[in-house]
Novice: 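First the structure, which I've put down as structure tokens, then a few questions once you've had a look.
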Amino acid sequence: MPCAMRNRLVALGLIATLSIATAHSQTRQNADLERLRGEITKMRDQLEDVRRQARSAQQELAEVDLELGIRTRELEIAVDLQTRLEQEQRGVEQQIAALTPRIERQKKYLAKRLAVLYRLGGLSYL
């Protein structure tokens, strides 16, 4: 075989080999790209899940914060009411303490008066 022909065949063989290698390389690169795209999609989905969970956690935190605020206000109201009731109780106790001696004086006065009226005889046994 002449040398020029052989060189052409070798060149064609090299071109065919390079074409096959290039095609194989592109197929492999495409497969790698697809795999990477799939991983990116999974990662984006995971990111969205994390964001949803974060929003959910933020909502729960906001709800707990509101509940704490409500309970704090209720406690303030209860403490205020207790303070008022204690003040009222002290006031009533002071009134009782002030009236007790007066009641005792009136009992003694009425007992003496009843005794005098009974001695005068103007009353029945009752």
Novice: So, the side chain of Ser56 versus the backbone of Arg52: is there a donor-acceptor pair under 3.5 Å, distance only?
Specialist: no

Novice: Can you list the steps and then say if Leu61 with Asp65 is a side chain to side chain contact (heavy atoms under 4.5 Å, CB included)?
Specialist: CA-CA 6 Å; Leu61 181 60; Asp65 192 39; 5.5 Å; no

Novice: Which distance, rounded to the nearest 0.5 Å, do you find between the CG of Leu110 and the NZ of Lys112?
Specialist: 11.5 Å

Novice: Under a 4.0 Å N-O cut-off, is there an ion pair linking Glu76 with Arg71?
Specialist: no

Novice: Taking only residues two or more places apart in sequence or in another chain, which ones pass side-chain hydrogen bond (donor to acceptor under 3.5 Å, both in side chains) with Glu93?
Specialist: Gln89

Novice: Determine whether Arg105 and Arg102 satisfy the following criterion, side chain to side chain contact (heavy atoms under 4.5 Å, CB included), listing intermediate values before the conclusion.
Specialist: CA-CA 5 Å; Arg105 282 193 310 269; Arg102 184 175 169 195; 3.7 Å; yes

Novice: Could you state the interatomic distance from CD (Glu34) to OG1 (Thr41), rounded to the nearest 0.5 Å?
Specialist: 9.5 Å

Novice: Is it the case that atom CZ in Arg55 sees more than 12 heavy atoms from other parts of the structure closer than 6.0 Å?
Specialist: yes

Novice: Do Lys42 and Glu39 meet the salt-bridge criterion of a basic N to acidic O distance under 4.0 Å?
Specialist: no

Novice: Rounded to the nearest 0.5 Å, what's the gap from CG on Leu99 to CD on Gln106? Could you check?
Specialist: 9.5 Å

Novice: Just how far is it from atom CD1 of Ile96 to atom CD1 of Ile103, taken to the nearest 0.5 Å?
Specialist: 9.0 Å

Novice: Are a donor atom and an acceptor atom from the side chains of Glu86 and Gln82 found within less than 3.5 Å of each other?
Specialist: yes

Novice: In Å and rounded to the nearest 0.5 Å, what is the CZ to CD1 distance from Arg73 to Ile70?
Specialist: 10.0 Å

Novice: Would you compute the distance between atom CZ of Arg37 and atom CD1 of Ile40 and round it to the nearest 0.5 angstrom?
Specialist: 8.0 Å

Novice: Hey, is CZ on Arg35 packed in by over 12 heavy atoms from elsewhere, all under 6.0 Å?
Specialist: yes

